[in-house]
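The shown structure was predicted, so the numbers you read here are calculated from the model rather than taken from an experiment.
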Amino acid sequence: MFNAIQIHNDEAGYRSELTQLDPVQLPEGDVQVAVAYSGLNYKDALAITGKGKIARRFPMVPGIDLAGTVTASSHAEFAVGDQVLLNGWGVGESHWGGLAQQARLKGDWLIPLPETFTARQAMAIGTAGYTAMLCVMALEKHGIRPDSGPVLVTGAGGGVGSVAIALLAELGYEVHAATGRPQEADYLLGLGAKEIVTRESLSQPGAPLAKARWAGAVDSVGSHTLANVCAALHYNGVVAACGLAQGMDFPASVAPFILRGITLVGIDSVMRPKDERLAAWARLAEDLSLAKLDAMTQEIALAEAIQAASQLLAGQIRGRLVVDVNR
């Protein structure tokens with residue numbers, strides 16, 4: 001038997017609980033993993049609390065990330081004893097995920113754990129950090145360099161935002177951090193931000209075209225915030241959009257696109273091809289300060305994940321939550 005968080009949605013209602021499962025209950029897959037660590041992401045919190053339609057079948061074990069050791073494999077690329085990690089692929093949504101001590105998965109979803117990172121560090125990065133790296137790479141691909149001008153990070157106190165600030169600062173960018181939590185200013189400045197921007201200045205309906213302030217942006221918020229960021233980009237500015245914390249709508253104008261030639265790049269991390277995943281994790285190993293990663297990380301036990309999910313959605317968690325599934 002092994003411990004797991006499990007979500008039910010039946011005649012008794014929607015609920016999440018810490019329970020014990022039998023390995024024979026694990027879904028089909030060609031690689032079995034003894035999970036060491038998982039993470040608690042925004043999507044996991046939505047699934048656990050039922051505040052978002054994330055889990056697509058029930059019962060479901062949430063957890064879109066995991067890192068651990070292969071215990072059985074019929075996949076050509078992985079052998080017993082290999083250290084592996086997983087991000088996305090619908091795990092924790094339509095296939096049992098990482099908030100458990102064991103998982104059975106498709107080997108095509110896994111990548112080797114980079115030698116630079118321990119399993120705990122990889123999960124401190126998690127999908128949030130991996131997504132942040134994809135955003136930074138998108139800015140680079142579209143020509144945004146440290147000398148292009150300031151880069152804004154919205155949702156700065158969250159997982160994506162925290163890692164994005166640390167990465168951009170390490171690469172030499174001038175980073176501006178947008179947050180609704182002014183008490184986190186010292187934390188954000190410690191990660192490398194040079195200026196704090198208030199959430200309220202971006203979250204309300206704004207002008208179709210605003211004063212140009214930023215060369216680029218990493219946005220995990222969406223809605224009016226993303227529209228206002230687009231309106232305030234420099235000529236040929238670029239925003240990498242990866243989230244919808246404020247909403248799925250995009251009440252914007254075409255003005256910044258046709259008058260300033262800006263680019264809006266959508267960032268998907270769930271179904272990203274394997275070669276792009278490997279490239280992003282290689283860059284994380286090269287560009288992410290482990291000291292800053294540690295500064296933004298809190299560790300919790302598996303039993304604490306359900307309560308922490310509500311706290312995360314309430315904006316009471318900063319940075320990253322790593323889950324030790326074995327305590």
- Decide, yes or no, whether a salt bridge links Lys43 with Glu93 under the criterion of side-chain N to carboxylate O below 4.0 Å. yes
- May I ask you to say whether Glu77 pairs ionically with Lys274, meaning some side-chain N is under 4.0 Å from a carboxylate O? yes
Approximate separation, where rounding is to 0.5 Å, of [X] [atom1] and [Y] [atom2]:
X      : Y      : atom1 : atom2 : value
Leu233 : Leu209 : CG    : CG    : 10.0 Å
Leu191 : Leu293 : CG    : CG    : 10.0 Å
Arg320 : Thr297 : CZ    : OG1   : 7.5 Å
Arg283 : Leu288 : CZ    : CG    : 11.5 Å
Thr131 : Asp268 : OG1   : CG    : 8.5 Å
Gln102 : Leu66  : CD    : CG    : 12.0 Å

Is it true that a side-chain atom of [X] and a backbone atom of [Y] form a donor plus acceptor pair closer than 3.5 Å?
X      : Y      : result
Asp82  : Ala79  : yes
Tyr130 : Ser269 : yes
Asp44  : Ile64  : yes
Asp249 : Gly222 : no
Ser162 : Gly159 : no
Thr179 : Gly157 : no
Ser16  : Ile48  : yes
Thr71  : Gln32  : yes
Arg199 : Thr225 : no
Asp30  : Gly107 : yes

Taking all non-hydrogen atoms of both residues, which atom of [X] and which atom of [Y] are closest, and how far apart?
X      : Y      : answer
Leu40  : Leu99  : CD1-CD1, 4.3 Å
Ser148 : Ala215 : O-CB, 3.5 Å
Ala177 : Leu188 : CB-CD1, 4.1 Å
Ala132 : Val160 : CB-O, 3.6 Å
Trp96  : Val91  : O-CG1, 3.6 Å
Ile300 : Ala308 : CD1-CB, 3.8 Å

- Item | Any pair counted as ring-ring contact (aromatic ring centres under 6.0 Å, His included), so long as it reaches residues 62-81, sequence neighbours left out | His75-Phe78
Just jot down the ring-ring contact (aromatic ring centres under 6.0 Å, His included) partners of [X], sequence neighbours excluded, or say none.
X      : value
Tyr235 : none
His95  : Trp109
Phe58  : Tyr14

- Message: By the definition side-chain contact (heavy atoms from CB on, under 4.5 Å), identify the one residue from Val265, Leu226, Val151 that meets it with Val239.
- Response: Leu226
- Can you tell which of Asp219, Thr154, Leu202 makes a side-chain contact (heavy atoms from CB on, under 4.5 Å) with Asn228? Leu202
Is [Y] reachable from [X] through a run of I, L, V, M, F, W or Y residues, each pair having side-chain heavy atoms under 4.5 Å apart?
X      : Y      : value
Met137 : Ile111 : yes
Met296 : Ile196 : yes
Val322 : Leu18  : no
Ile267 : Ile125 : yes
Val175 : Val218 : yes

Taking side chain as C-beta onward, heavy atoms only, is [X] less than 4.5 Å from [Y]?
X      : Y      : value
Lys106 : Trp89  : no
Leu105 : Leu86  : yes
Tyr42  : Leu313 : yes
Ile5   : Leu302 : yes
Arg260 : Asn236 : no
Thr69  : Val80  : no
Leu85  : Pro114 : yes
Gln101 : Val35  : no

Residues two or more places apart in sequence or in another chain: which of them pass salt bridge (Lys or Arg N to Asp or Glu O under 4.0 Å) with [X]?
X      : value
Asp10  : Arg15
Arg104 : none
Arg327 : Glu299, Asp324
Glu276 : Arg272

Can I get a per-line list of side-chain donor-acceptor pairs under 3.5 Å for residues 163-173, giving both atom names and the distance, sequence neighbours left out?
unit_1, atom_1, unit_2, atom_2, d
Tyr173, OH, Ile144, O, 2.8

Just by distance, no angles: are the side chains of [X] and [Y] close enough, under 3.5 Å, to form a donor-acceptor pair?
X      : Y      : value
His234 : Trp214 : no
His176 : Glu174 : yes
Thr127 : Asn41  : no
Gln204 : His224 : no
Asn87  : Trp281 : yes

- Note on the structure: The remaining residues in the hydrophobic cluster of Met248, counting side-chain heavy-atom contacts under 4.5 Å among Ile, Leu, Val, Met, Phe, Trp and Tyr, are Leu244
- Any pair counted as salt bridge (charged side-chain N to carboxylate O under 4.0 Å, His left out), so long as it reaches residues 182-192, sequence neighbours left out: Glu184-Arg318
Hey, can you pull the donor-acceptor pairs under 3.5 Å for the side chains in residues 20-29, sequence neighbours left out?
unit_1, atom_1, unit_2, atom_2, d
Gln20, NE2, Asn3, OD1, 3.3
Asp22, OD1, Val24, N, 2.9
Gln25, OE1, Asp22, N, 2.7

- Query: With a cut-off of 6.0 Å (strictly less than), are more than 12 heavy atoms of other residues, nucleotides or ligands near CD of Glu140?
  - Reply: yes
